[in-house]
Amino acid sequence: MSRVYNFSAGPAVLPEEVLQECAAEMMDYKGCGMSVMEMSHRSKVYDQIIKEAEADLRDLMNIPDNYKVIFLQGGASLVFAEVPMNLMKNGKAAYIITGQWAKKAAAEAEKYGEVVKVASSADKTFSYIPDCSDLDIPEDADYVYICENNTIYGTKFWELPNTKGHILVSDVSSCFLSEPIDVSKYGVVYGGVQKNVGPAGMVIAVIREDLITDDVLPGTPTLLKWKTQADALSLYNTPPCYTIYICGKVFKWIKKMGGLEVMKERNEKKAKVFYDYLDSSKMFKGTVVPKDRSLMNAPFVTGDADLDAKFIKEATDAGFVNLKGHKTVGGMRASMYNAMPIEGVEKLVAFMEKFEKENA
Ligand SMILES: *Cc1c(COP(=O)(O)O)cnc(C)c1O
């Protein structure tokens with residue numbers, strides 16, 4: 001068996017221990033004589049899997065009792081529509097535009113109501129997080145929306161916006177479980193799991209109870225009404241059973257590692273190794289304002305497209321894969337999610353130093 005260092009932005013690296021456990025349980029889950037993939041989502045065995053997953057997540061994130069956890073299908077991109085469907089009572093919302101994902105979320109919301117773009121970093125190709133301490137948020141806005149970690153551009157909100165009393169809705173797809181957060185500061189915090197938590201096919205949403213109601217926009221599909229999902233404990237229809245099972249294993253792995261504080265320390269360590277080198281390099285340059293840098297996604301360039309391509313090819317051959325930047329920005333991007341070991345980042349940096357010397 002030969003494993004690479006996978007720097008993909010998503011679907012992304014998972015803990016090897018988790019993959020091995022899944023492999024060991026593939027043919028016979030705990031004496032059931034079948035795989036988790038093959039069992040009824042209404043069975044007793046599965047009921048324990050989904051309940052334990054939720055309990056472990058609540059424990060890890062310290063989720064207050066007045067918040068529901070729901071497992072949703074359709075990816076973060078479908079939640080872009082679910083947010084206005086479930087929350088736009090006044091037909092108006094404020095969006096902070098810090099990259100492609102926030103832009104897409106805003107465009108989707110525009111189908112359902114008025115979107116007021118209260119801040120944006122589009123003027124400098126999303127290389128920074130705008131000052132959100134005193135925004136002009138309409139009094140009657142139903143919520144303020146952010147994408148907390150910008151997977152493509154590599155910036156992160158290190159301070160949440162001042163919403164002036166409005167509900168905060170945050171897409172944390174690419175920083176989910178990377179550090180402790182204070183859930184009580186959010187109305188809705190959600191993320192697609194394929195970045196930092198599990199395989200593709202699911203979103204986890206943590207939603208304050210009072211925001212889960214029957215009062216949704218007319219025409220909202222049954223399945224996209226959060227109350228349907230919350231009332232049925234995410235079992236209104238067949239959920240992504242196997243993805244929930246793997247996420248549950250990842251929650252246990254994080255707990256065993258020491259929880260979100262330890263994840264944060266590990267992620268800071270990895271990011272420091274990487275950014276310290278970037279800042280000292282004469283060939284490679286980071287593309288975002290240092291104080292707004294993400295711990296998870298680090299875009300970088302040489303400034304020469306041919307040299308970028310040569311680097312990506314040689315890195316791939318050396319076992320450092322998926323370093324190509326997003327198609328809209330080019331260059332390179334190293335995603336260093338929870339499951340990426342520090343050795344992976346240290347070895348990548350050593351490889352970059354060697355490449356720099358050889359190509360100076
Ligand atoms: C990947 C990503 C999305 C889109 O996720 P899908 O599950 O593919 O819809 C949305 N927001 C952020 C921040 C992402 O990183």
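Each ligand, and each atom within it, is numbered from 1 in the order the structure gives.
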K.L.:
If I apply the N/O under 3.5 Å rule, does A76 come out as touching ligand 1?
P.N.:
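For ligand 1, there is an N or O atom that lies under 3.5 Å from one belonging to A76.
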K.L.:
Report, in ascending order of atom number, the atoms of ligand 1 lying under 4.0 Å from any heavy atom of G75.
P.N.:
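Counting atoms of ligand 1 from 1, those under 4.0 Å from G75 are 7 (O), 9 (O).
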K.L.:
Of all the atoms in ligand 1, which lie at a distance below 4.0 Å from a heavy atom belonging to T151?
P.N.:
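So the atoms of ligand 1 that pass are 12 (C), 13 (C), 14 (C), 15 (O).
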K.L.:
Give, for atom CD of E52 and atom CG of D59, the distance between the pair rounded to the nearest 0.5 Å.
P.N.:
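The distance works out to 11.5 Å.
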K.L.:
Just to be sure I read this right, does ligand 1 sit under 4.0 Å from the backbone of F80, its side chain, both, or neither, counting only heavy atoms?
P.N.:
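The answer is the side chain of F80.
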K.L.:
Would K103 and W101 count as a cation-pi pair here, with the cationic atom under 6.0 angstrom from the ring centre and within 45° of the axis?
P.N.:
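Output no; distance or angle outside limits.
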K.L.:
What residue and atom, counting heavy atoms only, is the protein's closest point to atom 11 (N) of ligand 1, and at what distance?
P.N.:
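Nearest protein contact, heavy atoms only, for atom 11 (N) of ligand 1 is D171 OD2, 2.6 Å.
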K.L.:
Heavy atom of K104 under 4.0 Å from ligand 1?
P.N.:
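So K104 does not count as touching ligand 1.
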K.L.:
Please report whether the ring centroid of F284 lies less than 6.0 Å from that of F311.
P.N.:
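Between F284 and F311, which both carry aromatic rings, the centre distance is below 6.0 Å.
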K.L.:
Hey, are E139 and K164 close enough for a salt bridge, meaning a charged N less than 4.0 Å from a carboxylate O?
P.N.:
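No, this pair does not count.
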K.L.:
Would you please indicate if the ring centroids of Y95 and Y143 are separated by under 6.0 Å?
P.N.:
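Here the rings of Y143 and Y95 have centres that are less than 6.0 Å from each other.
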K.L.:
Which residue holds the protein heavy atom closest to atom 9 (O) of ligand 1, what is that atom called, and what is the gap in Å?
P.N.:
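Minimum-distance protein heavy atom for atom 9 (O) of ligand 1 reads S77 OG, 2.6 Å.
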K.L.:
Please write down residue, atom name and distance for the protein heavy atom closest to atom 8 (O) of ligand 1.
P.N.:
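Looking at atom 8 (O) of ligand 1, the protein heavy atom closest to it is Q194 NE2, 3.5 Å.
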K.L.:
Report yes if the distance between the aromatic ring centroids of Y46 and Y245 is under 6.0 Å, otherwise no.
P.N.:
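Between Y46 and Y245, the centre distance exceeds or equals 6.0 Å.
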K.L.:
Side-chain contact, heavy-atom cut-off 4.5 Å: K285 with F300?
P.N.:
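Answer no - side chains too far apart.
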K.L.:
Once you restrict to heavy atoms under 4.0 Å, what part of K195 touches ligand 1? Side chain, backbone, both or neither.
P.N.:
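The answer is the side chain.
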K.L.:
Strictly under 4.0 Å, does any heavy atom of G192 approach an atom of ligand 1?
P.N.:
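It does not, in that no heavy atom of G192 comes within the 4.0 Å cut-off of ligand 1.
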K.L.:
Please assess S281 against E356 for the test side chain to side chain donor-acceptor pair (under 3.5 Å), listing each intermediate value before the final yes or no.
P.N.:
CA-CA 8 Å; S281 168; E356 184 169 353; 2.9 Å; yes
K.L.:
Which part of C147 is near ligand 1, with near meaning a heavy atom under 4.0 Å away: side chain, backbone, both or neither?
P.N.:
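Side chain only.
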